[in-house]
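Input: a single structure, listed below in structure tokens.
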Protein chains: 2
Amino acid sequence: MKTVSARRPVENKPAKVRRRDREKTKAEILQIAFEEFAESGLLGANADAIAAKAGITKRLIFYYFNSKEELFIAVLEMAYGKMRLAEEDLHLATLEPEAAIRRLAEFTFDFHQANPEFVRLVAIENIHRGRHIQRSEKLTQMTRPIIGQIERVLAKGKSLGAIRPEIDAHELHVTLNALSIFSVANRHTFEAQFRWDMSSPEAKARRRREIAEVLWRYVRSDECSSAADRS
Amino acid sequence: MKTVSARRPVENKPAKVRRRDREKTKAEILQIAFEEFAESGLLGANADAIAAKAGITKRLIFYYFNSKEELFIAVLEMAYGKMRLAEEDLHLATLEPEAAIRRLAEFTFDFHQANPEFVRLVAIENIHRGRHIQRSEKLTQMTRPIIGQIERVLAKGKSLGAIRPEIDAHELHVTLNALSIFSVANRHTFEAQFRWDMSSPEAKARRRREIAEVLWRYVRSDECSSAADRS
DNA sequence: CCCGTAATTAACCCATTGGATAATTACAGC
DNA sequence: GCTGTAATTATCCAATGGGTTAATTACGGG
């Protein structure tokens, strides 16, 4: 006895269903949502727009992800997951201390430059006080192994006397991320204030060198070590 | 002959008007709007809420500032203006190079820590790709004299041989701001990822020292200069 | 071939919210 | 005191946009 009144869709077009693949559909929604959230923020992103760009119905978004916020969390999880994957390709163990530190700096810088949407997403999540990242079990449990890599580099460098013993892996990681993320995240207000280009290839290259330099000079031990040739 | 129909407000309460001070009212709106925008972003901030908190009618907001976006621009102008004022209190000229650099670092750090709403506002404006700061004549013309101060410190330091000649004032400023802003702006995602406190007085004090250290080691000349006593 | 279930669609709902219209009130200058 | 004007209020409007209801369609297993 559910009965009767049920709304009838228009009866002319049978509306062919495009495909029938749960995982693929979810992945597509996630990708488009990632772009939308990174572009417009949590509030600015529009479910209708996401649906349109993904070529599906809005209802489908809520079918797979129950709400906008849960979709946002899923997007965060995906984005952070990708970063972690990238970090695994960093093999710092084999390098000498200075080379390892510079490589770490350049890798981080390159990653942020190549993934400005990711940086934007992180900024947006911070505007929301990290409320979603906290709610995500995946993300709170996903301890980032990058710290382990840094610790190993530091340990080696310290034992060789090339790196100051008081350097802390966490502090180093914060320092590097601050320098690297800033070039992407605060580009616009900085460029507006100083009419100073941060986006051209030359400016980026210079900044890249500068960050590696800052980092190395920060960690190296005081005994006037090799400044290496930075052409 | 506009005539007749005009909507009549309810006729029981004469609705006493609170005050009649253009500048004061505008200033109050600006202050509340600053808080709201910093808290909730451009889209999240609510005109009704601003009006309620300011104890006025929403219409008044649009009377003084024509639209939400213009209000946001006015808020940005005010916020940046305050920062510039604060920067003027920095007297670096009298200090020796190392002291000047450390003082600059600590001042910047303290300012951002003391004004997280400002940092949030800047982050929000960057999410909007600096579109408002660009539109504001006040802000695009407001060249920040802080660069001048930094240049003078560097010049003095270079002539004394204490600071490397290749250090650039702009790059230094970017570096310092990156380090300083990050501690406020990206606090939440970082804390969530590493379960690592960045908010306690101890953590802040440590970070403050660290940043000064990074900056000084970055600019000082290579001849193993005094590491000074950082107790 | 049939049928249950899961994927997908169409259409609707309604709270929120920038912004607008127009009345009202205070206040300064004559 | 009168009056023009600026400050302020009450009320309304239309669009936007999350989220929902229910119909429809594909598809795999018996």
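Each chain gets a letter, A, B and so on, in the order its sequence line appears, and its residues count up from 1.
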For [X], answer base if it contacts any base atom (sugar-phosphate contacts may also be present), sugar-phosphate if it contacts only those atoms, and nothing otherwise; contact means non-hydrogen atoms under 4.0 Å.
X       : value
B/Tyr63 : base
A/Ala51 : nothing
B/Ala49 : nothing

Exercise. Could you say whether B/Tyr64 or A/Ala45 is positioned toward the 5' end of DNA chain D, judged by the nucleotide with the nearest heavy atom to each?
Key: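 Going by which nucleotide is closer to the 5' end, it is B/Tyr64.
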
Quiz item: A/Glu69 or B/Leu60: which one's nearest nucleotide on DNA chain D is closer to the 5' end?
Solution: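 That would be B/Leu60.
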
Exercise. State whether a side-chain donor-acceptor pair under 3.5 Å links A/Thr175 with B/Glu210.
Key: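 The criterion, which ignores hydrogens and geometry beyond distance, is not satisfied for B/Glu210 and A/Thr175.
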
Exercise. Look at the side chain of B/Arg22 and decide which nucleotide, out of D/dG17, D/dA7, C/dT9, has an atom nearest to it.
Key: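 Nearest to the side chain of B/Arg22 among the choices is D/dA7.
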
Quiz prompt | Which nucleotide in C/dT17, C/dT9, D/dT9 has an atom nearest any side-chain atom of A/Thr57 | solution =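 For A/Thr57, the side-chain atoms sit closest to C/dT9.
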
Could you tell me whether the side chain of [X] has a donor or acceptor atom within less than 3.5 Å of a complementary atom in the base of [N]?
X       : N      : answer
B/Lys68 : C/dG19 : no
A/Lys58 : D/dG19 : yes
A/Arg59 : D/dT20 : no

To the nearest angstrom, how far is [X] atom [atom1] from [N] atom [atom2]?
X       : N      : atom1 : atom2 : answer
A/Leu71 : D/dG17 : CG    : P     : 16 Å
B/Asn46 : D/dT16 : CG    : P     : 18 Å
B/Phe65 : C/dG19 : CZ    : C1'   : 16 Å
A/Phe62 : C/dT8  : CZ    : C1'   : 15 Å
B/Leu42 : C/dG18 : CG    : P     : 10 Å
A/Ile61 : D/dT20 : CD1   : C1'   : 14 Å
A/Ile56 : C/dT9  : CD1   : P     : 7 Å
A/Asn66 : D/dG18 : CG    : C1'   : 13 Å

Quiz prompt | A/Glu137 atom CD, over 12 foreign heavy atoms within 6.0 Å | solution =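 No, not enclosed.
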
Quiz item: Taking B/Glu125 for the side chain and B/His132 for the main chain, is one N or O donor matched with an acceptor at less than 3.5 Å?
Solution: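 The answer is yes, because a donor-acceptor pair under 3.5 Å joins these two groups.
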
Quiz item: Does B/Thr25 make a side-chain N or O approach to OP1 or OP2 of D/dT8 shorter than 4.0 Å?
Solution: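 Affirmative; the distance criterion is met.
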
Quiz item: In terms of the angle between their ring planes, are A/His112 and A/Phe118 parallel, tilted or perpendicular, with boundaries placed at 30° and 60°?
Solution: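 Ring orientation, 0 to 90° scale: parallel.
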
Exercise. Any chance you could lay out the side-chain contact (heavy atoms from CB on, under 4.5 Å) test for A/Thr57 and A/Tyr63, step after step, and finish with the verdict?
Key: CA-CA 10 Å; A/Thr57 324; A/Tyr63 176 67; over 6 Å; no

